[in-house]
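Read the structure below first, then the notes.
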Amino acid sequence: MEFTEIAPDESCVCGGCTARRRARLHAARTADGGHPAARGARRAAVLLAAVGTMLGGTAGAGAAPAARPGGSSQTTDTPQGEVGGLFGGRVLGPHLRSAATTTRADILARAQRWVDQQVPYSMGSYWTDGYRQDCSGFVSMAWGLGSSQTTWTLPDFADRIAADDLQPGDILVRNDPDDPQGGSHTVLFGGWTDSSRSHYLAYEQTRPATRKRTTPYAYWSHSDSYLPYRYRGLSGSADNAYPGDASFGPGARNDYVRRLGELLVRRGGGRFYAEGPDPAWGEADRRATQAFQLAQGWQGAEADGLPGRATWDYLVNGKGRDIPPDGTAAPAPQPVPAPVPPPPYPGAGAFGPGRSGPAVQQLGEQLVKKGYGRHYTTGPGPTWTESDRLNVADFQHAQGWQGAEADGYPGPATWKLLFG
């Protein structure tokens, strides 16, 4: 008997089409690098779903895909829902590759709204703007897709890029074939936070609510599994290039002056404009530009009210601080604190099963401070537990270490990096 794979109806919500869509989604095509055996497994899943539907069985339609035998599925504790319309409605027609136009500044502004509102994490609830409250729903909202996608379908709206090309508004995606729903995750890239590009500002939807935090590249755990992508619907990057000093200042009249004003209004500079930005340079443009520069802590020639390359880059890419409200002083530049040397390593004998002491508690508290405390249920204590080992292992994996270097027991190198 010969069976032909038939594409499921994207608008149908029956159990058979749902299972077939999932089977198609979680197996890469051979042309895209998938193994022929995986292609055969997908056909088998489609056949099984079809047979199950004919027999009236729909119990498996909503179940999470099972991990493969022998697989080492490690979840991110951020399970996601499936592709769906706003407020959980049906997606009418094909949902792939349709990308609405937006800008990097708009992407970060939408992401920041969820951060400000502290949207609770949920894979089954929808926020007031209609998007599902999980990691992929958050990115779908920030990109303005008009539907909630998954980590497996977001790349259909994007292009793979190199890590060195990452810019604010791009994303990092990890897809786990052993646990497609619970082991996959995505974060929004907000910009590098250090010159070595070892850390970046990540916007993400995770438990308990939306957060923005400095994150080691590529992520706290499974760092080597994350891939960078850029949304195809970005307005042309040429539009964001600095137009030159001659475009601004007394006597200038062009569309760049208008755009500068519009960007400044978005960042809190509306009070400087009596009638709104226009193509003619005016005192309102200078004062609003200077207020934005002062908000970044810049002084002297860096805050003269004329937008140079740095000011333009911050505005078009949504970087830096907004202009404070009228009467609120701009934050003063903060002195860089002197580096604090790490506490002395207490020795390997301080850690492990049966060990107890202040060094164990000190280790646990530092792990939590650095964002590696997800395995604690009651918080770190002075007695060594498996939770301590798992959190240490997460930190070691985030450094790119493997094998004996990531066994969960803190040696001198782990201790120095953790407290450095």
Side-chain angles (χ1 to χ4, degrees), residues 10-11 13 25 76-158 167-173 181-182 184-191 201-213 215 229-235 262-263 265-268 270 315-319 321-322 325:
E10 296 292 344
S11 64
V13 295
L25 178 62
T76 60
D77 198 30
T78 54
Q80 60 184 325
E82 296 185 349
V83 173
L86 297 185
F87 299 102
R90 293 169 58 187
V91 177
L92 302 179
H95 63 271
L96 304 181
R97 295 176 295 280
S98 175
T101 301
T102 190
T103 65
R104 295 187 184 279
D106 285 340
I107 290 172
L108 296 186
R110 286 191 287 264
Q112 185 62 46
R113 281 199 291 271
W114 273 34
V115 173
D116 294 339
Q117 297 172 71
Q118 283 295 280
V119 176
Y121 175 86
S122 173
M123 65 175 289
S125 300
Y126 299 83
W127 195 236
T128 54
D129 52 16
Y131 290 91
R132 193 178 58 245
Q133 295 166 215
D134 57 22
C135 64
S136 48
F138 170 67
V139 169
S140 300
M141 175 278 303
W143 279 1
L145 297 184
S147 60
S148 293
Q149 298 294 316
T150 75
T151 56
W152 297 85
T153 60
L154 283 171
D156 290 314
F157 297 83
Q167 295 183 47
D170 298 335
I171 63 172
L172 292 161
V173 178
Q181 188 180 58
S184 304
H185 190 47
T186 182
V187 300
L188 187 70
F189 182 84
L201 189 63
Y203 297 77
E204 63 176 318
Q205 185 67 3
T206 186
R207 300 180 192 278
T210 320
R211 67 175 66 184
K212 178 172 67 172
R213 58 177 171 172
T215 302
Y229 288 90
R230 174 163 299 154
Y231 179 50
R232 288 199 193 104
L234 283 174
S235 57
E262 292 171 346
L263 291 169
V265 168
R266 290 185 190 178
R267 302 301 297 273
L315 287 170
V316 299
N317 289 313
K319 298 180 181 179
R321 302 183 183 94
D322 289 346

Next on the checklist: So which atom in S147 and which in G85 form the shortest heavy-atom distance, rounded to 0.1 Å?
Outcome noted: CB-CA, 4.3 Å
Item to check | Short side-chain to backbone donor-acceptor contact, D134 and G81, under 3.5 Å | outcome: yes
Next on the checklist: Under the criterion side-chain contact (heavy atoms from CB on, under 4.5 Å), I'd like the reasoning laid out for Q205 against T78: C-alpha separation, chi angles, the key distance, then a yes or no.
Outcome noted: CA-CA 8 Å; Q205 185 67 3; T78 54; over 6 Å; no
Checklist entry - Below 4.5 Å, heavy atoms only, C-beta onward: do L154 and S140 meet side chain to side chain? => result yes
Next on the checklist: If we count only N and O atoms by modelled type, under 3.5 Å, do the side chains of T153 and D156 hold a donor and an acceptor together?
Outcome noted: no
Checklist entry - What's the spacing between R230 CZ and F189 CZ if we round to 0.5 Å? => result 10.0 Å
Checklist entry - Would you find a donor on one side and an acceptor on the other, under 3.5 Å apart, between the side chain of Q167 and the backbone of G191? => result no
Item to check | Separation of L201 CG from K319 NZ (nearest 0.5 Å) | outcome: 11.5 Å
Checklist entry - Taking atom CD of Q112 and atom CG of L188, what is their separation to the nearest 0.5 Å? => result 11.0 Å
Next on the checklist: Quick one, E204 and C135 - any side-chain contact, counting heavy atoms below 4.5 Å?
Outcome noted: no
Next on the checklist: Within the structure provided, determine whether L234 and R104 are in side-chain contact (heavy-atom separation under 4.5 Å).
Outcome noted: yes
Checklist entry - Side chains of Y131 and S136: closer than 4.5 Å at any heavy-atom pair? => result no
Checklist entry - Does W114 have its ring centroid less than 6.0 Å away from the ring centroid of F138? => result yes
Checklist entry - Does some side-chain heavy atom of R113 sit less than 4.5 Å from a side-chain heavy atom of D129? => result no
Item to check | Residue from T101, V139, L145 passing side chain to side chain contact (heavy atoms under 4.5 Å, CB included) with Y231 | outcome: L145
Checklist outcome for this item: Separation between OH (Y229) and OG1 (T151), nearest 0.5 Å, reads 10.0 Å
Item to check | Close side-chain approach of R211 and T206, heavy atoms under 4.5 Å | outcome: yes
Checklist entry - Got a sec, which residues hit ring pair (Phe, Tyr, Trp, His ring centres under 6.0 Å) with Y203, two or more places apart in sequence or on another chain? => result none
Item to check | Distance (rounded to the nearest 0.5 Å) between R132 CZ and M141 CE | outcome: 12.5 Å
Checklist outcome for this item: Between the CZ atom in R267 and the CG atom in L315, the distance rounded to the nearest 0.5 Å is 6.5 Å
Checklist entry - Between Q149 and W143, do the side chains contain an N or O donor and an N or O acceptor separated by less than 3.5 Å? => result no
Checklist outcome for this item: Note: T102 and D106 closest approach over all heavy atoms is OG1-CB, 3.5 Å
Item to check | Atom of Q133, atom of Y126 and distance for their closest heavy-atom approach | outcome: OE1-C, 3.0 Å
